[in-house]
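Here is the structure we will look at, set down as structure tokens.
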Amino acid sequence: MSELHVHNSFTRQKEKFTSITPGYAGLYVCGPTVSGESHLGHSRPYITFDVVQRYLRHLGYKVRYVRNITDAGHFEEEGREAIDKVGEKAKLEKMEPMEMVQKYTNLFHHAFRLFNCEDPAIEPTATGHIVEQINMIEDIISKGYAYEVNGSVYFDVKKYAASYPYGKLSGRVLEDQLETTRELDGQDEKRNKADFALWKNAPPEHIMRWKSPWGEGFPGWHIECSAMSSKYLGETFDIHGGGMDLQFPHHESEIAQSTIAHGHAPVNYWMHNNMITINGKKMGKSYNNVIKLSELFSGNHPLLEQAYHPMVVRFYILQTHYRSTLDFSNEALQASERAFRRLWEAYAILQKLAHSGNTDAEDTELDQKVITWCNECADFMNDDLNTAKVLANLFELAPVINGMKGGQVSIEALSADTFALLKNTFKTYLEDILGMQPLQAEQSGKLDSVLSLLIEIRTDAKKRKDFATSDQIRNKLAETGVQLKDEKDGTVSYTIE
RNA sequence: GGUCGGAUGGCCGAGUGGCUAGGCUCAGCUCUGCAAAAGCUGCUACAGCGGUUCGAAUCCGCUUUCGACCUCCA
């Protein structure tokens, strides 16, 4: 595939991607609700769409990536509700929503920078767009598709479904929704059970509240994304992303609201990532099986055998296609860690290799294979972002690179052009598009010189065949996490864990 | 209950009607003072039962089984 195709959840088909404005792409991704700490499951969408965003830019699009922060609504923080149940509490004893929102927003940003996810161009907050949300609700009411009851406003789904394909995105049948027996908040106020809130009246004790034409209240969950995406990306934009679990009701509701407000569907391509599971079950708050990111990075969780570096997690996620479920296990993460170390080491070696400039390949068969492996990466990305296949090809190339270092393969086996292509492919795909970084930061010069000294002493010992001393140095260093390697050419290299 | 999606080798995971990804593990070999790393070689799977086809893991049907959504959820 020479052009980007993506799986559109709305049509359930792979479609060629064509942006609305040539050269520009608008991407909206549902961001975090900052009432708690992010967990492993959350890493999937933000890493997935970070790659989407990077790839679009690689293709030459100027991308506006918008990802919201949900900081309004009916909040709880680990059992602490955003409702002051005891009215007499002193100010500092009460939960201050802004304090909680700030705390978890900071944690979120910190974690995803460790994942090397690029910051969105715009990261709008729901509380910062109350006016836009109210305007949109008024618009929907004026068009006759929403109604007010006791200070709350609901969207009239039944009326909408009469003229529009409600349920298409999530494969839902309205009749089923109307018959649901669930007891939901505000159910008796709604004309139909399938109706959803655009605005909720705030009871007196509710802390988060804003003035509106319908009294004091707070916005419904779905309206923020519609209001903010249209504000920053336009009434119709290119790609809307998020987890599969948001298809219904969140995204379905977004489509309905925006369709009424703007007269047409809001999004051209809906993309949904699949879930991360643990023991076969979705990792989620309500299942009580989450591993928080801070726990994952520190290894401090009963289910974790060790700490996992953010890059290992990123690699592990990208080794699987984004629309497949991905099951967590220590074994899988550990396999990813080894694999990633090996791949990155090959990349590091490649950067140090230099080609003589020969225009002819000494091994045309290998040369051709390398060209194919490199060029296929673009096809794989274009085929609905098949990062798993891209990585597979990079792994095909790793033995070629390692062989060049080990002497099993001549660098001139490849033509100068192919060698340049090889270098460029690794840089472009591994670093720029998949967004991978080395596991350890650059070492300090001081550590470097200390190790050089030890290596020198050890080399002397080896010359005298004093293997007891040389092995002692190597073993003691290994205990502290520094692995010495005697290279073929007599030099010594090291890696630090 | 309704809707949808899976079931791939020891493990994780791509994938397509025929040319049998990739990673990790494991075994053997090469290199090496010994290691480590690296290279080479080996391990050949697609839940079950039918059907379509010259040919199916890949298409169709049924069965078993797991999961997601239907409520806040990435």
Side-chain angles (χ1 to χ4, degrees), chain A residues 12 29-33 35-36 38-49 70 73-76 167 170-173 175-177 179-185 194 221 241-250 252 272-277 280-287 290 315-316 319-321 323-329 331-343 345-346 349 376 380 383 386-396 398-409 462 465-467 470-471 474-475 478 483-488 493-495:
Chain A
R12 287 148 205 261
V29 174
C30 289
T33 299
S35 59
S38 298
H39 58 74
L40 174 59
H42 296 116
S43 58
R44 191 107 193 248
Y46 306 130
I47 289 173
T48 297
F49 290 103
T70 297
H74 184 96
F75 270 14
E76 288 185 9
S170 54
R172 220 119 307 226
V173 180
E175 282 65 39
D176 297 341
Q177 301 307 123
E179 284 163 18
T180 178
T181 53
R182 298 216 185 228
E183 279 304 319
L184 297 174
D185 194 31
W221 175 39
M244 265 173 73
D245 51 352
L246 295 183
Q247 265 184 34
F248 190 88
H250 187 53
E252 198 71 61
H272 292 96
N273 63 274
N274 214 132
M275 302 292 104
I276 287 182
T277 58
K281 286 250 192 291
K282 173 185 163 185
M283 187 177 287
K285 238 196 291 189
S286 33
Y287 294 94
V290 301
F315 183 84
Y316 158 76
Q319 259 189 313
T320 306
H321 186 90
R323 284 192 291 113
S324 300
T325 53
L326 172 56
D327 198 52
F328 164 86
S329 70
E331 211 182 348
L333 258 319
Q334 284 159 13
S336 288
E337 181 172 327
R338 285 166 187 245
F340 176 60
R341 278 183 194 281
R342 189 164 83 85
L343 189 63
E345 181 61 21
I349 289 166
E376 279 176 343
F380 295 154
D383 185 11
N386 198 327
T387 55
K389 278 194 142 189
V390 170
L391 285 170
N393 269 30
L394 295 182
F395 273 109
E396 295 279 16
V400 177
I401 297 165
N402 289 328
M404 286 174 174
K405 185 196 178 199
Q408 298 94 332
V409 178
K462 277 177 68 179
K465 299 226 186 292
D466 177 7
F467 296 122
S470 72
D471 287 354
R474 187 176 63 198
N475 296 339
Q483 182 70 54
L484 295 187
K485 282 189 270 185
D486 292 328
E487 300 291 353
K488 274 196 154 169
S493 67
Y494 58 87
T495 51

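It should be emphasised that the depicted structure is a prediction, and the values quoted were computed from it without experimental measurement. Per chain, numbering begins at 1; letters A, B, ... match sequence-line order.
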Rounded to whole angstroms, how far apart are [atom1] on [X] and [atom2] on [N]?
X      : N      : atom1 : atom2 : value
A/H272 : B/rG5  : NE2   : P     : 15 Å
A/F380 : B/rA14 : CZ    : P     : 14 Å
A/D245 : B/rC4  : CG    : P     : 19 Å
A/L484 : B/rC34 : CG    : C1'   : 14 Å
A/Y287 : B/rG67 : OH    : P     : 10 Å
A/R341 : B/rA36 : CZ    : C1'   : 14 Å
A/E331 : B/rG10 : CD    : P     : 13 Å
A/Q319 : B/rG22 : CD    : P     : 13 Å

On RNA chain B, nearest-nucleotide positions of A/Q483 versus A/H321: which is more 5'?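 Looking at RNA chain B, the more 5' nearest nucleotide goes with A/H321.
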A/S170 or A/V400, whichever maps to the more 5' nucleotide of RNA chain B: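 Per heavy-atom nearest nucleotide, the more 5' residue is A/S170.
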Taking only the side-chain heavy atoms of [X] (C-beta and beyond), determine which of [options] contains the nearest atom.
X      : options                : result
A/L326 : B/rG22, B/rA74, B/rG13 : B/rG13
A/A335 : B/rG22, B/rC24, B/rA74 : B/rC24
A/P249 : B/rC40, B/rC70, B/rA37 : B/rC70
A/I276 : B/rA74, B/rG22, B/rC40 : B/rA74
A/R12  : B/rA38, B/rC4, B/rA37  : B/rC4
A/S324 : B/rA14, B/rC70, B/rG22 : B/rA14
A/R172 : B/rC70, B/rA74, B/rA38 : B/rC70
A/K389 : B/rC12, B/rG22, B/rA14 : B/rA14
A/K282 : B/rG33, B/rC24, B/rC69 : B/rC69
A/T320 : B/rU25, B/rG22, B/rG13 : B/rG13

Checking all strands, does [X] fall into the base, sugar-phosphate, or nothing category for heavy-atom contacts under 4.0 angstrom?
X      : result
A/F340 : nothing
A/K281 : sugar-phosphate
A/F467 : base
A/R474 : base
A/Q247 : nothing
A/M275 : base
A/S286 : base
A/H39  : base
A/N393 : nothing
A/G280 : sugar-phosphate
A/L343 : nothing
A/N273 : base
A/A339 : sugar-phosphate
A/G171 : sugar-phosphate

Using a strict threshold of under 4.0 Å (side-chain N to carboxylate O), is an ion pair present between [Y] and [X]?
X      : Y      : result
A/D383 : A/K389 : no
A/R341 : A/E345 : no
A/K405 : A/E487 : yes

Expressed as a whole number of Å, how far does the [atom1] atom of [N] sit from that of [M]?
N      : M      : atom1 : value
B/rC59 : B/rG5  : P     : 12 Å
B/rC19 : B/rA57 : C1'   : 15 Å
B/rC60 : B/rA45 : C1'   : 23 Å
B/rC70 : B/rA14 : P     : 24 Å
B/rG9  : B/rA47 : C1'   : 14 Å

Tell whether A/D486 reaches the base of B/rC34 with its side chain through a donor-acceptor pair below 3.5 angstrom. yes
Does the base of B/rG15 carry an N or O that pairs as donor and acceptor with the side chain of A/N386 under 3.5 Å?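 Not at all, since no donor on one side and acceptor on the other fall under 3.5 Å apart.
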Answer yes or no as to whether B/rA74 has its base stacked against A/Y46, where stacking requires a ring-centre separation under 5.5 angstrom and planes under 30 degrees apart. no
Mind checking whether A/F340 and A/F315 have parallel, tilted or perpendicular rings, split at 30° and 60°?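 Tilted, since the angle between the ring planes falls between 30° and 60°.
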